[in-house]
Protein chains: 2
Amino acid sequence: MEKPDRRCAIVRATLDLVAEQGFHGAPMALVAERAGVAAGTIYRYFESKDVLINEAFHYLEERFFAAVMEHYPEGAPVRERFLHIGGVLVRYCIGAPLEFRFLEQFHNSPYGVEHRREKLFNKNNRNVITELFNEALGLRVVKDLPLPVLFGLAFGPLLDICRDHILHFIELDDDLISRCVEACWDAIRR
Amino acid sequence: MEKPDRRCAIVRATLDLVAEQGFHGAPMALVAERAGVAAGTIYRYFESKDVLINEAFHYLEERFFAAVMEHYPEGAPVRERFLHIGGVLVRYCIGAPLEFRFLEQFHNSPYGVEHRREKLFNKNNRNVITELFNEALGLRVVKDLPLPVLFGLAFGPLLDICRDHILHFIELDDDLISRCVEACWDAIRR
DNA sequence: TGATAAAAAATGAACGTTCATTCCTGGAGG
DNA sequence: CCTCCAGGAATGAACGTTCATTTTTTATCA
């Protein structure tokens with residue numbers, strides 16, 4: 001009606017639909033319906049579907065980093081900070097399965113490849129995880145491996161277990177999560 | 001031509017196209033053209049596109065297990081056998097980037113989820129990797145974690161680095177591959 | 001063997017859907 | 001009356017699949 005935030009409603013509708021049914025299950029007509037607007041209206045706010053999807057991703061990315069930073073043990077040793085991030089990551093993902101599914105879809109698509117390429121070649125990419133790993137490399141507490149490899153060792157398995165939990169292939173509890181995050185630490189620690 | 005294997009030509013065309021351009025880049029019309037047959041002909045050999053894609057996957061899966069079994073150190077300790085499998089896995093994937101890209105696409109799609117579900121619930125699933133992990137669990141040389149978690153810790157990062165290598169985000173050589181596989185072993189070993 | 005009929009396989013235009021995007025309409029606010 | 005902009009039908013491209021028809025192979029019999 002008035003106009004609280006049609007833009008936001010459209011982004012949320014996109015998130016939900018993609019998460020629930022994948023990119024194939026989120027045609028613009030459905031997005032429009034769920035957002036309570038007409039199909040054509042979306043194009044007044046977003047140039048194309050690609051733009052809309054990228055915006056939805058950045059919205060989630062921000063929320064995720066905000067979650068990680070809550071209670072982040074700023075001055076603690078590297079290991080402890082890593083365990084914090086890993087734990088938050090897993091708990092956040094299985095607590096918001098829809099968001100997780102969207103991120104998964106995004107990463108395993110041309111959108112995701114483009115996103116990673118930008119991150120990698122844009123050297124002044126500063127976020128808490130990259131900084132932690134660079135510090136750890138300098139202190140020689142982790143193995144001397146390229147950053148993308150460390151990322152894969154540390155977070156690849158964590159995302160895998162989140163997916164398996166959401167699909168009910170396994171059941172994660174606090175104890176199992178801790179043991180998994182520690183296993184990832186074993187993979188990267190020197 | 002005579003008729004050596006239209007069926008095979010269709011499968012290969014599917015593999016190549018999906019690997020190069022993803023599922024979206026492999027419409028039946030293109031598959032037909034690349035295979036040197038007419039569109040309708042495909043349906044004499046495969047009931048539907050789904051069936052065709054699953055067959056292409058199984059074709060690759062067999063080839064992969066065959067590669068793993070070459071020079072497999074049958075009687076060696078668990079660790080050594082794991083290092084063999086990991087090394088072969090990475091070398092095989094980066095040596096056949098098209099096949100790897102197909103497998104990646106397959107796993108990150110509803111096809112892949114279905115496939116994993118079947119594997120998991122079909123308990124009499126016997127392959128060399130599952131057997132190795134079960135033996136390792138019995139001998140208590142690896143952490144006491146559910147099988148899917150061990151799989152994720154052990155192979156998730158290896159597939160990640162293969163992808164990054166193929167996308168030229170990193171450059172793998174024999175030394176780096178070894179160190180990565182060993183890092184994965186560190187993740188699962190007790 | 002050669003001619004011919006029957007069966008099988010291959011063809012590719014056409015179909016029905018689905019989708020992202022465009023465009024014309026109507027109506028609210030100034 | 002004019003200006004905007006939301007609405008949603010219209011558009012056209014792309015897709016998987018079908019099917020009437022043609023081509024090739026196989027079987028039959030003189």
Side-chain angles (χ1 to χ4, degrees), chain A residues 1-59 101-102 105-106 108-114, chain B residues 1-59 101-102 105-106 108-114:
Chain A
M1 281 294 113
E2 41 280 30
K3 54 145 290 184
D5 248 313
R6 292 168 109 79
R7 195 186 170 79
C8 187
I10 293 167
V11 170
R12 299 221 57 113
T14 306
L15 283 178
D16 290 353
L17 280 169
V18 171
E20 285 166 19
Q21 333 233 21
F23 288 116
H24 291 282
M28 294 299 252
L30 256 191
V31 170
E33 187 186 319
R34 170 114 31 148
V37 303
T41 305
I42 296 177
Y43 289 85
R44 301 207 61 77
Y45 295 92
F46 302 95
E47 192 184 309
S48 69
K49 192 176 186 179
D50 279 10
V51 169
L52 170 58
I53 285 177
N54 275 291
E55 179 133 341
F57 173 74
H58 285 113
Y59 172 79
R101 294 254 307 137
F102 178 92
Q105 301 265 346
F106 185 88
N108 297 312
S109 75
Y111 298 117
V113 172
E114 201 40 52
Chain B
M1 286 294 129
E2 38 284 30
K3 57 138 284 185
D5 250 313
R6 290 168 110 79
R7 195 185 169 80
C8 187
I10 293 167
V11 170
R12 299 221 59 113
T14 306
L15 284 177
D16 290 353
L17 281 170
V18 172
E20 286 165 19
Q21 334 232 21
F23 287 116
H24 290 282
M28 293 300 251
L30 255 192
V31 170
E33 187 185 318
R34 169 112 32 148
V37 303
T41 305
I42 297 177
Y43 290 85
R44 301 202 59 76
Y45 295 92
F46 303 95
E47 191 184 311
S48 68
K49 192 176 186 180
D50 280 10
V51 170
L52 170 57
I53 284 177
N54 275 292
E55 179 132 342
F57 172 75
H58 283 113
Y59 171 78
R101 295 254 307 136
F102 178 92
Q105 300 267 345
F106 185 88
N108 298 312
S109 75
Y111 297 117
V113 172
E114 200 40 50

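Below, chain A is the first sequence line, B the second, and so on; all start at residue 1. Hydrogens, waters and symmetry mates play no part in the numbers below; they use all other heavy atoms, side chains included.
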Would you name the heavy atoms of [X] and [Y] that are closest together and state the gap between them?
X        : Y        : value
B:Val31  : B:Ala13  : O-CB, 3.7 Å
A:Phe23  : A:Lys49  : O-NZ, 4.0 Å
A:Phe102 : A:Ile53  : CZ-O, 4.0 Å
B:Ser109 : B:Phe106 : OG-O, 2.7 Å

Between [atom2] of [N] and [atom1] of [X], the distance in whole Å:
X       : N      : atom1 : atom2 : answer
B:Arg6  : C:dA8  : CZ    : P     : 17 Å
A:Met28 : D:dG8  : CE    : C1'   : 14 Å
A:Arg7  : D:dC5  : CZ    : C1'   : 16 Å
B:Ile42 : D:dC19 : CD1   : C1'   : 16 Å
A:Arg44 : C:dT22 : CZ    : P     : 12 Å
A:Phe46 : D:dC5  : CZ    : P     : 16 Å
A:Lys49 : C:dC19 : NZ    : P     : 8 Å
B:Tyr45 : C:dA9  : OH    : C1'   : 7 Å

List every contact pair, protein side and nucleotides 25-30 of chain C side both N or O, where the distance is under 3.5 Å.
none

How about CD on B:Glu33, more than 12 heavy atoms from neighbouring residues, nucleotides or ligands closer than 6.0 Å, or not? no
Determine whether more than 12 heavy atoms belonging to other residues, nucleotides or ligands lie under 6.0 Å from atom NE2 of A:His24. no
Using 0.5 Å steps for rounding, measure from the CZ atom of B:Arg6 to the CZ atom of B:Arg44. 10.5 Å
Any chance you could measure B:Leu17, atom CG, to B:Leu30, atom CG, to the nearest 0.5 Å? 5.5 Å
Pair A:Ile10, A:Arg7 - check side-chain contact (heavy atoms from CB on, under 4.5 Å), show working. CA-CA 5 Å; A:Ile10 293 167; A:Arg7 195 186 170 79; 5.8 Å; no
Please classify the nucleic acid contact of B:Phe23 as base, sugar-phosphate, or nothing, using heavy-atom distances under 4.0 Å. nothing
Sub-3.5 Å pairs of nitrogen or oxygen atoms, protein against nucleotides 12-18 of chain C:
{"from": "C:dG12", "atom 1": "N7", "to": "B:Gly40", "atom 2": "N", "distance (Å)": "3.4"}

